[in-house]
Amino acid sequence: MANEVLSGLFEELLQSKPIFINREVLRPSYTPDYLPHRKEQINSLATILVSALRGETPSNILIYGKTGTGKTAVVKYVGKELEETGEKKGTPCSVLYINCEVIDTQYRVLAHLARHFDKEVPHTGWPTDQVYSEFKNAIDARAQTIVIILDEIDKLVKKGGDDTLYNLSRINADLRNTRVSVVGISNDLKFTEFLDPRVRSSLGEEEVIFPPYDANQLGDILEQRARTAFKPDALEPSVIPLCAAFAAQEHGDARRALDLLRVSGELAERAQSNLVKEEHVRAAQNKIESDRVVEVVRTLPTQSKLILYAMVSLYKKGAKDLTTGEVYNLYKRLCRQIDMDILTQRRVTDIISELDMLGIVNAVVVSKGRYGRTKEISVSVPLEQTKATLLEDYRLKTLSMTPVSQTRLYA
DNA sequence: ATTCCACAGGAAGCGACGGCCC
DNA sequence: GGGCCGTCGCTTCCTGTGGAAT
(Lines give C-alpha, C1' and ligand atoms only; values in the text may rest on other atoms or scores of the structure.)
Protein backbone atom coordinates (compact mmCIF):
# COMPACT_ATOMS: atom_id res chain seq x y z
CA MET A 1 0.00 0.00 0.00
CA ALA A 2 2.73 2.35 0.98
CA ASN A 3 4.49 1.20 -2.14
CA GLU A 4 1.69 2.40 -4.32
CA VAL A 5 1.76 5.82 -2.81
CA LEU A 6 5.51 6.06 -3.15
CA SER A 7 5.72 4.78 -6.67
CA GLY A 8 3.02 7.19 -7.67
CA LEU A 9 4.99 9.95 -6.08
CA PHE A 10 8.15 9.16 -7.95
CA GLU A 11 6.44 8.39 -11.21
CA GLU A 12 5.12 11.87 -11.31
CA LEU A 13 8.58 13.24 -10.77
CA LEU A 14 10.09 10.92 -13.33
CA GLN A 15 7.65 11.96 -15.98
CA SER A 16 9.10 15.38 -16.36
CA LYS A 17 12.17 14.96 -18.51
CA PRO A 18 15.45 15.61 -16.77
CA ILE A 19 17.21 18.72 -17.94
CA PHE A 20 20.61 17.86 -16.55
CA ILE A 21 22.97 15.38 -18.09
CA ASN A 22 25.81 16.06 -15.70
CA ARG A 23 25.44 18.83 -13.18
CA GLU A 24 28.82 18.13 -11.62
CA VAL A 25 30.56 20.19 -14.29
CA LEU A 26 28.82 23.26 -12.90
CA ARG A 27 30.16 22.82 -9.41
CA PRO A 28 33.08 24.90 -8.17
CA SER A 29 35.12 21.77 -7.43
CA TYR A 30 35.14 20.73 -11.07
CA THR A 31 38.30 21.59 -12.98
CA PRO A 32 37.70 21.73 -16.72
CA ASP A 33 40.35 20.70 -19.27
CA TYR A 34 39.84 23.82 -21.24
CA LEU A 35 39.97 27.28 -19.72
CA PRO A 36 38.57 29.95 -22.03
CA HIS A 37 40.17 33.39 -22.09
CA ARG A 38 43.12 32.38 -19.96
CA LYS A 39 45.68 31.45 -22.63
CA GLU A 40 47.89 34.36 -21.75
CA GLN A 41 48.05 33.52 -18.06
CA ILE A 42 48.61 29.83 -18.76
CA ASN A 43 51.49 30.67 -21.05
CA SER A 44 53.11 33.05 -18.57
CA LEU A 45 52.98 30.45 -15.86
CA ALA A 46 54.27 27.71 -18.08
CA THR A 47 57.13 29.89 -19.32
CA ILE A 48 58.23 30.53 -15.76
CA LEU A 49 57.80 27.00 -14.47
CA VAL A 50 59.43 25.28 -17.42
CA SER A 51 62.84 25.82 -15.83
CA ALA A 52 61.87 23.08 -13.38
CA LEU A 53 62.13 20.63 -16.29
CA ARG A 54 65.57 21.94 -17.15
CA GLY A 55 66.83 21.28 -13.66
CA GLU A 56 66.80 24.90 -12.60
CA THR A 57 64.85 26.55 -9.81
CA PRO A 58 61.80 28.32 -11.20
CA SER A 59 61.22 31.88 -10.03
CA ASN A 60 58.73 32.40 -7.30
CA ILE A 61 55.43 33.75 -8.56
CA LEU A 62 52.70 35.94 -7.21
CA ILE A 63 49.29 35.69 -8.79
CA TYR A 64 46.66 38.36 -8.36
CA GLY A 65 42.99 38.31 -9.24
CA LYS A 66 39.57 38.49 -7.65
CA THR A 67 37.51 35.46 -6.68
CA GLY A 68 36.22 33.44 -9.57
CA THR A 69 38.73 34.66 -12.14
CA GLY A 70 40.14 31.20 -12.67
CA LYS A 71 43.38 31.57 -10.70
CA THR A 72 43.09 28.31 -8.88
CA ALA A 73 41.89 26.38 -11.90
CA VAL A 74 44.71 27.69 -14.07
CA VAL A 75 47.40 27.01 -11.50
CA LYS A 76 46.13 23.51 -10.85
CA TYR A 77 45.96 22.82 -14.56
CA VAL A 78 49.48 24.06 -15.21
CA GLY A 79 50.70 22.18 -12.15
CA LYS A 80 49.23 18.94 -13.41
CA GLU A 81 50.83 19.39 -16.80
CA LEU A 82 54.15 20.11 -15.16
CA GLU A 83 54.01 16.98 -13.04
CA GLU A 84 53.08 14.83 -16.01
CA THR A 85 55.79 16.21 -18.25
CA GLY A 86 58.33 15.88 -15.47
CA GLU A 87 57.36 12.25 -15.10
CA LYS A 88 57.94 11.58 -18.81
CA LYS A 89 61.24 13.40 -18.98
CA GLY A 90 62.61 11.89 -15.81
CA THR A 91 62.84 15.22 -14.00
CA PRO A 92 60.44 14.68 -11.12
CA CYS A 93 58.30 17.63 -10.14
CA SER A 94 55.79 17.75 -7.32
CA VAL A 95 53.17 20.43 -7.19
CA LEU A 96 51.58 20.87 -3.78
CA TYR A 97 48.46 22.89 -3.33
CA ILE A 98 47.59 24.50 -0.02
CA ASN A 99 44.60 26.66 0.70
CA CYS A 100 45.68 29.11 3.36
CA GLU A 101 42.16 29.98 4.34
CA VAL A 102 41.98 26.57 5.98
CA ILE A 103 45.66 26.02 6.72
CA ASP A 104 46.54 29.39 8.12
CA THR A 105 49.57 29.14 10.37
CA GLN A 106 53.19 28.30 9.79
CA TYR A 107 52.92 25.15 11.83
CA ARG A 108 49.95 23.87 9.87
CA VAL A 109 51.45 24.69 6.49
CA LEU A 110 54.68 22.87 7.30
CA ALA A 111 52.82 19.95 8.84
CA HIS A 112 50.63 19.68 5.75
CA LEU A 113 53.66 19.71 3.48
CA ALA A 114 55.52 17.15 5.56
CA ARG A 115 52.51 14.85 5.61
CA HIS A 116 52.39 14.89 1.85
CA PHE A 117 55.79 13.19 1.93
CA ASP A 118 54.51 10.52 4.29
CA LYS A 119 55.87 12.01 7.46
CA GLU A 120 53.73 11.66 10.53
CA VAL A 121 53.22 15.04 12.14
CA PRO A 122 50.69 15.63 14.92
CA HIS A 123 48.20 18.47 14.73
CA THR A 124 49.91 20.15 17.62
CA GLY A 125 52.57 19.41 20.18
CA TRP A 126 55.82 19.71 18.26
CA PRO A 127 57.92 22.83 18.09
CA THR A 128 57.56 24.44 14.69
CA ASP A 129 61.23 24.11 13.75
CA GLN A 130 61.03 20.38 14.26
CA VAL A 131 58.26 20.21 11.67
CA TYR A 132 60.37 22.38 9.41
CA SER A 133 63.37 20.05 9.50
CA GLU A 134 61.12 17.04 9.10
CA PHE A 135 59.76 18.54 5.91
CA LYS A 136 63.20 19.59 4.73
CA ASN A 137 64.65 16.13 5.17
CA ALA A 138 61.68 14.55 3.50
CA ILE A 139 62.02 16.50 0.30
CA ASP A 140 65.79 16.46 0.15
CA ALA A 141 65.90 12.68 0.14
CA ARG A 142 65.87 12.62 -3.65
CA ALA A 143 66.47 15.18 -6.35
CA GLN A 144 63.28 16.86 -7.47
CA THR A 145 61.59 20.18 -7.97
CA ILE A 146 58.80 21.15 -5.65
CA VAL A 147 56.30 23.84 -6.43
CA ILE A 148 54.29 24.96 -3.44
CA ILE A 149 51.06 26.72 -4.27
CA LEU A 150 49.75 28.90 -1.49
CA ASP A 151 46.20 29.87 -2.33
CA GLU A 152 44.72 32.84 -0.46
CA ILE A 153 48.20 33.67 0.70
CA ASP A 154 47.00 36.99 2.12
CA LYS A 155 45.07 35.07 4.79
CA LEU A 156 48.28 33.38 5.84
CA VAL A 157 50.11 36.68 6.15
CA LYS A 158 47.28 38.36 8.00
CA LYS A 159 47.10 35.67 10.65
CA GLY A 160 50.62 34.37 11.06
CA GLY A 161 52.80 37.17 9.74
CA ASP A 162 55.41 36.51 7.11
CA ASP A 163 57.52 33.96 9.02
CA THR A 164 56.21 31.11 6.91
CA LEU A 165 57.03 32.88 3.67
CA TYR A 166 60.41 33.96 4.95
CA ASN A 167 61.36 30.41 5.83
CA LEU A 168 59.99 28.93 2.64
CA SER A 169 61.75 31.44 0.44
CA ARG A 170 65.05 30.70 2.13
CA ILE A 171 64.70 26.95 2.20
CA ASN A 172 66.69 26.43 -1.00
CA ALA A 173 69.86 27.44 0.85
CA ASP A 174 69.39 24.46 3.17
CA LEU A 175 68.75 21.92 0.45
CA ARG A 176 71.31 19.83 -1.39
CA ASN A 177 69.29 17.91 -3.96
CA THR A 178 65.92 19.52 -4.19
CA ARG A 179 64.66 22.86 -5.41
CA VAL A 180 61.62 24.60 -4.06
CA SER A 181 59.65 27.42 -5.57
CA VAL A 182 56.59 29.13 -4.22
CA VAL A 183 53.50 30.26 -6.08
CA GLY A 184 51.35 32.63 -4.05
CA ILE A 185 47.78 33.38 -5.00
CA SER A 186 46.09 36.45 -3.60
CA ASN A 187 42.97 38.41 -4.30
CA ASP A 188 44.32 41.38 -2.44
CA LEU A 189 46.63 43.48 -4.60
CA LYS A 190 48.14 45.34 -1.70
CA PHE A 191 48.95 42.52 0.64
CA THR A 192 52.70 42.65 -0.05
CA GLU A 193 52.81 45.99 1.76
CA PHE A 194 52.93 44.16 5.06
CA LEU A 195 55.75 41.86 4.03
CA ASP A 196 59.37 42.00 5.00
CA PRO A 197 61.11 43.61 1.99
CA ARG A 198 63.31 40.57 1.53
CA VAL A 199 60.31 38.28 1.38
CA ARG A 200 58.51 40.65 -0.92
CA SER A 201 61.29 40.74 -3.47
CA SER A 202 61.92 37.02 -3.37
CA LEU A 203 58.27 36.06 -3.59
CA GLY A 204 57.38 38.60 -6.22
CA GLU A 205 60.07 37.70 -8.71
CA GLU A 206 57.32 37.20 -11.23
CA GLU A 207 53.77 38.44 -11.17
CA VAL A 208 50.75 37.28 -13.10
CA ILE A 209 47.50 39.18 -13.11
CA PHE A 210 44.08 37.66 -13.68
CA PRO A 211 41.64 40.35 -14.78
CA PRO A 212 37.94 39.79 -14.09
CA TYR A 213 35.90 38.25 -16.87
CA ASP A 214 33.50 40.52 -18.71
CA ALA A 215 29.97 39.43 -19.52
CA ASN A 216 30.91 38.04 -22.93
CA GLN A 217 33.72 35.94 -21.57
CA LEU A 218 31.48 34.63 -18.81
CA GLY A 219 28.98 33.77 -21.50
CA ASP A 220 31.61 31.69 -23.31
CA ILE A 221 32.49 29.85 -20.14
CA LEU A 222 28.88 29.08 -19.37
CA GLU A 223 28.21 28.07 -22.96
CA GLN A 224 31.04 25.58 -22.88
CA ARG A 225 30.02 24.00 -19.60
CA ALA A 226 26.35 24.02 -20.42
CA ARG A 227 27.04 21.74 -23.38
CA THR A 228 28.06 18.91 -21.05
CA ALA A 229 25.81 19.86 -18.16
CA PHE A 230 22.42 20.18 -19.81
CA LYS A 231 20.42 18.33 -22.39
CA PRO A 232 20.39 20.03 -25.76
CA ASP A 233 17.75 22.74 -25.96
CA ALA A 234 17.13 22.66 -22.24
CA LEU A 235 17.99 26.34 -21.91
CA GLU A 236 16.02 29.30 -23.06
CA PRO A 237 18.37 31.36 -25.24
CA SER A 238 18.38 34.30 -22.86
CA VAL A 239 19.40 32.22 -19.85
CA ILE A 240 23.14 32.19 -20.36
CA PRO A 241 23.46 35.89 -21.19
CA LEU A 242 21.41 36.69 -18.12
CA CYS A 243 23.55 34.56 -15.82
CA ALA A 244 26.63 36.14 -17.34
CA ALA A 245 25.26 39.62 -16.83
CA PHE A 246 24.40 39.00 -13.18
CA ALA A 247 27.82 37.56 -12.47
CA ALA A 248 29.59 40.33 -14.38
CA GLN A 249 28.06 42.76 -11.92
CA GLU A 250 29.68 40.76 -9.14
CA HIS A 251 33.18 41.68 -10.36
CA GLY A 252 33.16 39.01 -13.07
CA ASP A 253 33.02 36.02 -10.80
CA ALA A 254 32.85 32.86 -12.89
CA ARG A 255 32.10 30.71 -9.88
CA ARG A 256 29.07 32.81 -9.20
CA ALA A 257 27.97 32.52 -12.81
CA LEU A 258 28.20 28.75 -12.74
CA ASP A 259 26.37 28.55 -9.43
CA LEU A 260 23.66 30.68 -10.85
CA LEU A 261 23.27 28.46 -13.87
CA ARG A 262 23.22 25.30 -11.78
CA VAL A 263 20.69 26.60 -9.27
CA SER A 264 18.54 27.93 -12.11
CA GLY A 265 18.51 24.45 -13.56
CA GLU A 266 17.67 22.91 -10.21
CA LEU A 267 14.80 25.31 -9.69
CA ALA A 268 13.48 24.56 -13.16
CA GLU A 269 13.75 20.88 -12.45
CA ARG A 270 11.90 21.27 -9.18
CA ALA A 271 9.16 23.20 -10.93
CA GLN A 272 8.96 20.27 -13.35
CA SER A 273 9.67 22.51 -16.25
CA ASN A 274 11.65 20.92 -19.05
CA LEU A 275 13.09 24.26 -19.99
CA VAL A 276 15.22 26.60 -17.91
CA LYS A 277 13.70 30.04 -18.23
CA GLU A 278 14.67 33.56 -17.38
CA GLU A 279 12.41 33.54 -14.34
CA HIS A 280 14.37 30.62 -12.92
CA VAL A 281 17.56 32.61 -13.18
CA ARG A 282 16.04 35.51 -11.30
CA ALA A 283 14.70 33.17 -8.64
CA ALA A 284 18.11 31.54 -8.40
CA GLN A 285 19.79 34.88 -7.91
CA ASN A 286 17.59 35.53 -4.88
CA LYS A 287 17.87 32.03 -3.55
CA ILE A 288 21.67 31.98 -3.61
CA GLU A 289 21.95 35.19 -1.67
CA SER A 290 19.29 34.27 0.84
CA ASP A 291 20.70 30.77 1.37
CA ARG A 292 24.10 32.24 1.97
CA VAL A 293 22.83 34.67 4.59
CA VAL A 294 20.82 32.04 6.43
CA GLU A 295 23.75 29.66 6.45
CA VAL A 296 26.19 32.29 7.70
CA VAL A 297 23.85 33.48 10.43
CA ARG A 298 22.99 29.98 11.55
CA THR A 299 26.60 28.99 12.03
CA LEU A 300 27.64 32.11 13.91
CA PRO A 301 29.02 31.68 17.45
CA THR A 302 26.41 32.42 20.10
CA GLN A 303 27.94 35.70 21.20
CA SER A 304 27.98 36.98 17.63
CA LYS A 305 24.38 35.91 17.26
CA LEU A 306 23.38 37.87 20.31
CA ILE A 307 25.18 40.97 19.09
CA LEU A 308 23.52 40.63 15.71
CA TYR A 309 20.21 40.15 17.48
CA ALA A 310 20.75 43.40 19.34
CA MET A 311 21.44 45.20 16.08
CA VAL A 312 18.44 43.70 14.31
CA SER A 313 16.21 44.66 17.24
CA LEU A 314 17.38 48.26 17.28
CA TYR A 315 16.98 48.42 13.54
CA LYS A 316 13.48 47.07 13.68
CA LYS A 317 12.56 49.76 16.15
CA GLY A 318 13.40 52.26 13.47
CA ALA A 319 16.85 53.21 14.65
CA LYS A 320 19.18 53.97 11.76
CA ASP A 321 22.96 54.07 11.73
CA LEU A 322 23.55 52.39 15.07
CA THR A 323 26.66 53.17 17.06
CA THR A 324 28.86 50.69 18.88
CA GLY A 325 27.72 52.10 22.21
CA GLU A 326 24.03 51.63 21.48
CA VAL A 327 24.55 48.08 20.34
CA TYR A 328 26.74 47.30 23.31
CA ASN A 329 24.20 48.61 25.80
CA LEU A 330 21.39 46.53 24.43
CA TYR A 331 23.68 43.55 24.10
CA LYS A 332 24.60 43.79 27.77
CA ARG A 333 20.98 43.76 28.81
CA LEU A 334 20.16 40.84 26.56
CA CYS A 335 23.05 38.96 28.13
CA ARG A 336 21.68 39.46 31.62
CA GLN A 337 18.24 38.49 30.43
CA ILE A 338 19.33 35.11 29.15
CA ASP A 339 22.16 34.66 31.63
CA MET A 340 25.13 34.75 29.33
CA ASP A 341 28.64 36.05 29.99
CA ILE A 342 29.06 39.69 28.97
CA LEU A 343 31.99 40.28 26.68
CA THR A 344 34.02 43.47 26.86
CA GLN A 345 33.34 46.29 24.47
CA ARG A 346 36.76 45.74 22.93
CA ARG A 347 35.77 42.23 21.94
CA VAL A 348 32.37 43.35 20.71
CA THR A 349 34.07 45.87 18.44
CA ASP A 350 35.97 43.01 16.84
CA ILE A 351 32.87 40.90 16.47
CA ILE A 352 31.06 43.75 14.75
CA SER A 353 33.97 44.01 12.34
CA GLU A 354 33.74 40.29 11.71
CA LEU A 355 30.03 40.63 10.91
CA ASP A 356 30.94 43.45 8.59
CA MET A 357 33.40 41.27 6.73
CA LEU A 358 30.78 38.56 6.38
CA GLY A 359 28.57 41.12 4.68
CA ILE A 360 25.81 40.84 7.26
CA VAL A 361 26.14 44.37 8.49
CA ASN A 362 27.82 47.47 7.20
CA ALA A 363 30.13 49.26 9.59
CA VAL A 364 31.87 52.53 8.76
CA VAL A 365 34.04 54.52 11.16
CA VAL A 366 32.80 58.09 11.36
CA SER A 367 33.63 61.03 13.53
CA LYS A 368 30.83 63.01 15.07
CA GLY A 369 33.07 65.78 16.27
CA ARG A 370 32.39 66.70 19.84
CA TYR A 371 30.22 63.60 20.10
CA GLY A 372 33.08 61.24 19.56
CA ARG A 373 34.16 58.71 17.07
CA THR A 374 32.34 55.48 16.48
CA LYS A 375 31.27 52.91 13.95
CA GLU A 376 28.08 53.66 12.11
CA ILE A 377 26.41 50.31 11.65
CA SER A 378 23.57 49.29 9.40
CA VAL A 379 22.11 45.84 8.98
CA SER A 380 22.30 44.67 5.38
CA VAL A 381 20.23 41.50 5.53
CA PRO A 382 16.46 40.98 5.70
CA LEU A 383 15.38 41.72 9.27
CA GLU A 384 12.52 39.27 9.80
CA GLN A 385 14.24 36.34 8.20
CA THR A 386 17.45 36.98 10.10
CA LYS A 387 15.65 37.36 13.40
CA ALA A 388 13.86 34.08 12.83
CA THR A 389 17.14 32.34 12.03
CA LEU A 390 18.72 33.77 15.17
CA LEU A 391 15.86 32.60 17.35
CA GLU A 392 16.36 29.04 16.16
CA ASP A 393 19.34 28.95 18.51
CA TYR A 394 18.09 27.39 21.72
CA ARG A 395 20.04 29.84 23.86
CA LEU A 396 18.30 32.79 22.22
CA LYS A 397 14.86 31.26 22.09
CA THR A 398 13.65 32.84 25.31
CA LEU A 399 14.26 36.28 23.85
CA SER A 400 11.24 35.87 21.62
CA MET A 401 9.01 36.01 24.72
CA THR A 402 9.98 39.56 25.64
CA PRO A 403 10.21 41.93 22.70
CA VAL A 404 12.83 44.62 22.99
CA SER A 405 10.20 47.34 22.96
CA GLN A 406 9.27 46.23 26.47
CA THR A 407 12.75 46.67 27.87
CA ARG A 408 14.33 49.97 28.60
CA LEU A 409 16.85 50.96 25.98
CA TYR A 410 19.39 52.63 28.17
CA ALA A 411 20.34 51.04 31.44
C1' DA B 1 43.20 77.39 18.07
C1' DT B 2 41.84 74.28 21.52
C1' DT B 3 39.28 71.05 23.67
C1' DC B 4 37.33 66.83 24.28
C1' DC B 5 33.94 63.06 23.18
C1' DA B 6 33.30 58.08 22.20
C1' DC B 7 35.05 55.26 20.59
C1' DA B 8 38.86 52.52 17.16
C1' DG B 9 42.09 49.37 17.24
C1' DG B 10 47.20 47.80 18.54
C1' DA B 11 49.97 45.06 22.06
C1' DA B 12 50.49 41.85 25.44
C1' DG B 13 49.21 38.20 27.71
C1' DC B 14 46.08 34.88 30.15
C1' DG B 15 43.92 30.35 30.67
C1' DA B 16 42.01 26.47 28.62
C1' DC B 17 42.45 22.81 25.35
C1' DG B 18 44.47 19.18 22.83
C1' DG B 19 48.48 17.16 21.91
C1' DC B 20 53.43 16.11 21.77
C1' DC B 21 57.74 14.57 24.36
C1' DC B 22 60.28 11.90 27.93
C1' DG C 1 52.69 12.72 35.31
C1' DG C 2 55.22 16.92 34.26
C1' DG C 3 57.03 20.01 30.94
C1' DC C 4 56.33 22.02 26.50
C1' DC C 5 54.02 23.65 22.26
C1' DG C 6 50.51 25.89 19.17
C1' DT C 7 45.92 27.79 18.92
C1' DC C 8 41.74 30.19 20.27
C1' DG C 9 38.72 33.37 22.42
C1' DC C 10 39.05 36.66 25.35
C1' DT C 11 40.53 40.66 28.77
C1' DT C 12 43.43 44.48 30.16
C1' DC C 13 45.73 48.39 29.16
C1' DC C 14 46.72 51.45 26.13
C1' DT C 15 47.43 55.24 22.51
C1' DG C 16 45.25 57.57 18.67
C1' DT C 17 41.91 60.56 16.32
C1' DG C 18 38.17 63.60 13.20
C1' DG C 19 35.81 67.27 13.76
C1' DA C 20 31.67 69.92 16.32
C1' DA C 21 31.67 72.77 20.07
C1' DT C 22 33.82 76.23 22.60
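Chain letters run A, B, ... following the sequence lines, proteins first, then strands; residues in each count from 1. All values below were derived from every heavy atom in this structure, side-chain atoms included, with hydrogens, water molecules and symmetry-related copies excluded.
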(message) Tell me whether H116(A) at atom NE2 has more than 12 heavy atoms from other residues, nucleotides or ligands lying less than 6.0 Å away.
(response) no

D356(A) CG to dA8(B) C1', in whole Å, measures 13 Å

**Q.** Any W126(A) side-chain N or O less than 4.0 Å from OP1/OP2 of dC21(B)
**A.** yes

For nucleotides 17-21 of chain C, print each protein N/O atom paired with a nucleotide N/O atom at under 3.5 Å, atom names and distance only.
| unit_1 | atom_1 | unit_2 | atom_2 | d |
| --- | --- | --- | --- | --- |
| dT17(C) | O2 | R373(A) | NE | 3.1 |
| dG18(C) | N2 | G369(A) | O | 2.8 |
| dG18(C) | N3 | S367(A) | OG | 2.7 |
| dG19(C) | O4' | S367(A) | OG | 3.4 |
| dG19(C) | N2 | G369(A) | O | 3.4 |
| dA20(C) | O4' | R370(A) | N | 3.4 |

Separation between CG (D356(A)) and CD1 (I352(A)), nearest 0.5 Å, reads 9.5 Å

Taken to the nearest whole Å, CD/E376(A) to C1'/dA6(B) is 13 Å

K119(A) NZ to dC20(B) P, in whole Å, measures 18 Å

Ranking dT11(C), dC20(B), dA8(B) by distance to the side chain of L343(A), first place goes to dT11(C)

Rounded to whole Å, the CZ-P distance (R346(A) to dC14(B)) equals 18 Å

* Asked: Between D151(A) and Y97(A), does a side-chain hydrogen bond (donor to acceptor under 3.5 Å, both in side chains) hold up when you go through it step by step?
  -> CA-CA 7 Å; D151(A) 205 347; Y97(A) 174 86; 2.5 Å; yes

With hydrogens left out and only the distance checked, is there a donor-acceptor pair under 3.5 Å joining T124(A)'s side chain and the base of dG18(B)? yes

Rounded to whole Å, the CG-P distance (L306(A) to dC10(C)) equals 12 Å

What one should report as the nearest heavy-atom pair of Y64(A) and D188(A) is CE2-O, 3.7 Å

R347(A) has its side chain closest, among dC7(B), dC8(C), dC10(C), to dC10(C)

Against the side chain of Y107(A), the closest entry in dA8(B), dG6(C), dG19(B) is dG6(C)

Notebook entry, point to check: After noting the C-alpha distance and the side-chain angles of D350(A) and R346(A), does the key distance pass the salt bridge (Lys or Arg N to Asp or Glu O under 4.0 Å) rule?
Noted result: CA-CA 7 Å; D350(A) 279 346; R346(A) 179 70 189 81; 3.1 Å; yes

Task: Side-chain N or O of T105(A) closer than 4.0 Å to phosphate OP1/OP2 of dT7(C) - done: yes

I103(A) CD1 to dG6(C) C1', in whole Å, measures 15 Å

I352(A) atom CD1 is separated from dA8(B) atom P, nearest whole Å, by 7 Å

Regarding I342(A), tell me which of base, sugar-phosphate or nothing describes its non-hydrogen contacts under 4.0 Å with the strands shown. sugar-phosphate

Is a donor from one side chain sitting under 3.5 angstrom from an acceptor on the other, for T128(A) and Q106(A)? no

Exactly one candidate in R256(A), R262(A), R255(A) meets side-chain hydrogen bond (donor to acceptor under 3.5 Å, both in side chains) with D259(A); the answer is R262(A)

Scan T324(A) against the nucleic acid and name what it touches under 4.0 Å (heavy atoms): base, sugar-phosphate only, or nothing.
sugar-phosphate

